[in-house]
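Reading through the C-alpha cells given below for one structure.
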Amino acid sequence: MSNDDGGHGGTHGSGCASCGAALAASQRYCLECGERRGPLPTAVAKWLSIVEPAAAADAAAPSAPAPAGEPSDDEALATRYMPEPRTAAVAVMALLAFGVLLGGLTGPVAQSAGIAPIVLYSGESPAPIAASEPVETTAAPAEAAPVVAEVPAEEPLVEAPAPEEEAAPTTPPKKKAPIEITEETLPPVQHVFVIVLADHGFEETYGESSQAPYLATTLRGKGELLPNYYAVTQGDLANEIALLSGQGPNPTTTVDCPEYKDVAPGTASTAGQVEGEGCVYPAETQTLPAQLAAAGKSWKAYVEGMGSAGQPGTCRHPAPGGVDEAQAPRPGDPYQTWRNPFVYFHSIVDGAECAERDVDLEQLGPDLKKEAKTPSFSYIVPDACHDGAEEPCEPGQPGGLAAAQPFLETVVPQVEASPAYKAGGLIAITSAQAPQTAATPDTSACCATPEYPNLPPATPPPPTNGPVKATGGGGRIGMLLLSPFVEAGSVSETGYFNHYSFLLSVEELLGLPTATTPPPGYAAEPALTAFEPALFKTGS
C-alpha cells in the first residue's frame with residue numbers, strides 16, 4: 001500500500017505498530033487506523049501541556065535520521081509555526097492590554113469626557129501575505145514588557161477637544177449686567193454722604209439769583225431737586241440733632257447749646273423723646289450711628305477745621321458742664337461745636353469710637369480711595385468760613401453762599417470720583433434751617449410735624465388742606481440729591497419731606513429698620529413720608 005506523506009517524497013519506512021500498514025519514512029499518522037507514529041513535537045507538547053504515555057515507548061521506533069547539521073522535521077515545524085511559551089504569553093498579554101486601552105479610548109465614557117480616540121497607522125498599507133508562504137515570527141525576549149505605543153517625551157499627546165467645544169465660537173466675556181431698579185423697590189444704595197450748609201432758604205439757594213451757581217446750576221443739572229423739603233424747628237443744632245436721632249428740640253438746643261450740659265431730667269417719653277432741658281443726650285438715646293453700628297455698618301463725621309489752632313483733631317467738644325468757647329469762630333480757628341452734632345450724645349463721646357469716627361475733614365480724601373474704607377454714612381461739615389453763613393468767619397473773608405462754593409467745588413467731585421459713590425452712592429446737600437433772624441423768618445413746616453414736649457405749647461397754625469403748615473417748623477430749605485440712581489436735571493414736585501423723613505429714608509436705604517429696632521425718635525411716626533421708589537429712576 002502506497003501512502004503519500006504530503007509532499008515530502010514516497011520513500012517507505014516501517015509499518016504501523018497497531019495495524020501493520022506500511023508507512024513512509026516521513027509519515028506521522030497511519031491512514032488505516034489513525035495511529036500516531038512517534039511522540040508529539042516537544043514545542044506542541046509543552047504548549048498543550050500534554051505528554052502522551054506512549055511517547056517514551058515510541059521514541060525507540062526507527063525513523064529516517066536527519067542529515068547532519070539540519071533539524072528534524074518536527075523541530076523545523078515547531079520552529080516555523082510555534083513560538084516559545086513565554087513569548088506567546090507576552091504576546092497574548094500585549095494584545096489584551098491593547099484591547100483594553102482601545103476600548104477605553106473609544107467607549108461611551110471616553111467620548112463623553114472629550115477624549116479623542118488614538119489611531120495608530122503607517123504611511124503605506126502592508127502587502128498581502130501569500131497563502132503558500134508561512135508566516136515567520138520573531139520571538140521577543142521573555143524578559144521584555146509589552147509596549148503598546150511609544151511617544152517621544154518632547155511630543156506629548158494632546159487631547160483633542162470635544163466636538164461641541166470645537167464648534168463653539170470664541171466670544172469675549174460678558175460685562176456685568178447693570179442693576180435693575182423697579183418702581184416697587186428702593187435702589188441698592190451702599191453709601192450716603194450728607195452735606196449740611198448754614199441757614200439758607202430754598203429760593204436763596206436754588207433761585208436765579210443764587211450766589212452759588214455751582215450748586216444752583218451745575219450740580220442741579222446733574223441731580224434731582226426736592227423743592228418741598230423743610231427743616232423741623234428753629235435752631236441749627238436742634239435741626240442737626242433731629243437729623244441724626246429724631247429728637248425734638250428743647251430750649252437749649254434751639255440756641256445751639258452755649259453750655260455743654262446733659263439733658264435733665266432725661267426721662268424717656270412714650271414717643272421715644274428724651275424729656276428735659278440741656279444738650280448732651282443720655283447713652284440710652286437711640287441714634288442713626290448706634291443703629292448703623294448694631295447692623296455692622298460704619299459711620300463717620302468729617303468736620304472741617306476741627307484740628308485747627310492746635311486743637312484736638314478728633315471728637316472735639318467742651319468739658320462736661322463747661323461753657324462752649326467755640327460757639328463762634330475765632331481768628332485761625334473756624335471750628336464751631338454746634339456744627340458737629342455727634343458730640344452731643346453720650347453713646348458717642350463716652351466711647352473710643354468718637355476719636356475714631358468724629359474726625360477732621362482732612363481724613364475724607366484718604367477714606368474715599370477705597371470703598372472698604374468709606375463709611376456707609378458720611379456726615380460732611382464745612383467750617384464757619386465755608387458753610388455759607390451770612391456773617392464772615394474773619395474780617396476780609398467772604399460771607400454768604402458765595403463762601404460755600406469753593407468748598408462744594410472741592411468736596412463734591414472728590415466724592416463723585418470715589419469707588420464707593422460709583423458702586424452705589426447718594427449725596428444729599430441741604431441746609432440746617434431757613435434764616436430765622438430776618439424781619440419775617442420762615443417758620444413753615446410740613447409733613448407729620450409733632451407737638452414737641454420740651455417746648456411751650458405753640459400757637460396752633462391756621463388750618464390748611466395741604467401738607468404744609470405756616471408755623472411750627474424751620475422753613476423751606478430744599479434738598480439736592482446726586483446719585484447714579486437719580487435722573488439728572490430732574491425735579492420732584494410731589495414729595496414732601498423734612499429732616500425726620502430724611503432720617504427714615506436713610507435708614508430704609510441702608511436696610512436698618514426691623515420689627516424690633518424701629519427708626520429712632522420722630523422718624524418712626526407712622527404718618528411720616530420717606531423717599532419712595534418712584535423718586536429714583538427705573539430701568540438699567
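Predicted model only: the values in this text are computed from it and were never measured. For the single chain, residues carry numbers from 1 onward in sequence order.
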Nearest heavy-atom approach of Met479 to Ala428 is SD-CB, 4.0 Å

Yes or no on salt bridge (charged side-chain N to carboxylate O under 4.0 Å, His left out) for Lys222 and Glu416, after CA distance, side-chain angles and deciding distance? CA-CA 11 Å; Lys222 297 169 60 178; Glu416 289 179 316; 3.0 Å; yes

Value for CG (Asn239) from CD (Gln433), rounded to nearest 0.5 Å, stands at 5.5 Å

message = For the backbone of Val415 and the side chain of Ser418, can you confirm whether one donor and one acceptor N or O come within less than 3.5 Å of each other?
response = yes

OG1 of Thr253 to CG of Asp236, rounded to nearest 0.5 Å, is 11.0 Å

The reported gap from CG in Leu480 to CZ in Arg220 (rounded to nearest 0.5 angstrom) is 8.5 Å

Answer yes or no: does atom CD of Gln327 have more than 12 heavy-atom neighbours from other residues, nucleotides or ligands under 6.0 Å?
yes

Note to self: Determine whether Val486 and Leu482 satisfy the following criterion, side chain to side chain contact (heavy atoms under 4.5 Å, CB included), listing intermediate values before the conclusion.
What the structure shows: CA-CA 7 Å; Val486 303; Leu482 300 168; 5.8 Å; no

- Identify whether NZ of Lys or CZ of Arg in Arg476 sits under 6.0 Å from the centre of the six-membered ring of Phe202 and within 45° of that ring's axis. yes

Walk me through it: do Thr205 and Leu401 pass the test side chain to side chain contact (heavy atoms under 4.5 Å, CB included)? CA-CA 8 Å; Thr205 304; Leu401 271 175; 4.0 Å; yes

Interatomic distance, CG@Leu215 vs CD@Gln405, rounded to 0.5 Å, equals 8.0 Å

Minimal heavy-atom distance between Val263 and Cys279, with the atoms involved, is CG2-N, 3.7 Å

* **Polar side-chain atom of Lys537 near backbone of Pro484 as donor-acceptor pair, under 3.5 Å** => yes

Shortest non-hydrogen pair, Gly276 vs Pro265, comes out as CA-CD, 3.7 Å

Audit row: Phe485, Phe536, ring pair (Phe, Tyr, Trp, His ring centres under 6.0 Å) steps and yes/no: CA-CA 6 Å; Phe485 304 121; Phe536 303 92; 7.4 Å; no

Is a donor on one side and an acceptor on the other found under 3.5 Å between the side chain of Asn250 and the backbone of Gly278?
-> yes

- Message: Tell me if a side-chain donor or acceptor on Ser505 pairs with a main-chain N or O of Ser501 at a distance below 3.5 Å.
- Response: yes

* Check: Asp442 main-chain N/O paired with Gln436 side-chain donor or acceptor under 3.5 Å -> yes

In short, Leu503 meets Gly246 closest at the heavy-atom pair CD2-N, 3.4 Å

Does any part of the side chain of Tyr522, heavy atoms only, come nearer than 4.5 Å to the side chain of Gln273, both counted from C-beta? yes

Backbone N/O of Pro251 and side chain of Thr254: donor-acceptor pair under 3.5 Å: yes

Interatomic distance, CG@Leu481 vs OG@Ser492, rounded to 0.5 Å, equals 9.0 Å

**Q.** Neighbour count >12 (heavy atoms, 6.0 Å) for atom CD, Glu362
**A.** no

| said: Determine whether a donor-acceptor pair (N or O, by modelled atom type, separation under 3.5 Å) exists between the side chain of Thr517 and the backbone of Thr514. | reply: no

Do you see a donor-acceptor pair shorter than 3.5 Å between the side chains of Thr314 and Asp358?
no

Note to self: Side chains of Val196 and Val381, heavy atoms from C-beta outward: is any pair under 4.5 Å?
What the structure shows: no

**Q.** Side chain proximity check, Asp324 to Glu259, heavy atoms < 4.5 angstrom
**A.** no

**Request:** Take Val303 and Tyr335, measure what side chain to side chain contact (heavy atoms under 4.5 Å, CB included) needs, and give me the verdict at the end.
**Result:** CA-CA 8 Å; Val303 186; Tyr335 175 79; 3.6 Å; yes

Please assess Phe497 against Tyr229 for the test ring pair (Phe, Tyr, Trp, His ring centres under 6.0 Å), listing each intermediate value before the final yes or no.
CA-CA 5 Å; Phe497 312 101; Tyr229 187 96; 7.1 Å; no

Does the side chain of Tyr379 reach to within under 4.5 Å of the side chain of Leu288, using non-hydrogen atoms? no

Nearest heavy-atom approach of Pro366 to Gln363 is CD-O, 3.3 Å

Quick one, Tyr421 with His191, criterion ring pair (Phe, Tyr, Trp, His ring centres under 6.0 Å). Give me CA distance, side-chain angles, the key distance, then yes/no. CA-CA 7 Å; Tyr421 178 82; His191 304 274; 9.8 Å; no

Verdict with reasoning, Gln286 to Gln291, per side chain to side chain contact (heavy atoms under 4.5 Å, CB included): CA-CA 7 Å; Gln286 284 296 309; Gln291 293 190 352; 3.3 Å; yes

CG of Asp387 to CG of Leu197, rounded to nearest 0.5 Å, is 7.5 Å

Next item on the list: Please examine the side chains of Pro450 and Val232, heavy atoms only from C-beta on, and report whether any two atoms are closer than 4.5 Å.
Entry: no

| request: Answer yes or no: is there a donor N or O on one side and an acceptor on the other, between the side chain of Thr233 and the main chain of Gly472, under 3.5 Å? | output: no

Worksheet item: Is there a side chain to side chain donor-acceptor pair (under 3.5 Å) between Tyr302 and Asp367 once you walk through the steps?
Response: CA-CA 10 Å; Tyr302 299 95; Asp367 288 351; 2.8 Å; yes

Closest non-hydrogen atoms of Leu455 and Pro249, given as atom of the first, atom of the second and distance, are CD1-CG, 3.5 Å

Requested in this report: For Asp262 and His346, test the side chains for any donor-to-acceptor distance below 3.5 angstrom and give the result as yes or no.
Outcome: yes

State, with a plain yes or no, whether a side-chain heavy atom of Tyr344 is found less than 4.5 Å away from one of Thr337.
yes

Do side-chain atoms of Gln336 reach the backbone of Pro334 as a donor and acceptor pair under 3.5 angstrom?
no

- Query: Can you tell me if CD on Glu394 sees more than 12 non-hydrogen neighbours from other groups inside 6.0 Å?
  - Reply: yes

Heavy atoms, side chains only, cut-off 4.5 Å: are Arg339 and Glu240 in contact?
yes

message: Main chain of Val274, side chain of Asn454: is a donor-acceptor contact present, judged purely on distance under 3.5 Å?
response: yes

Do Phe342 and Trp299 touch side chain to side chain, with heavy atoms closer than 4.5 Å? yes

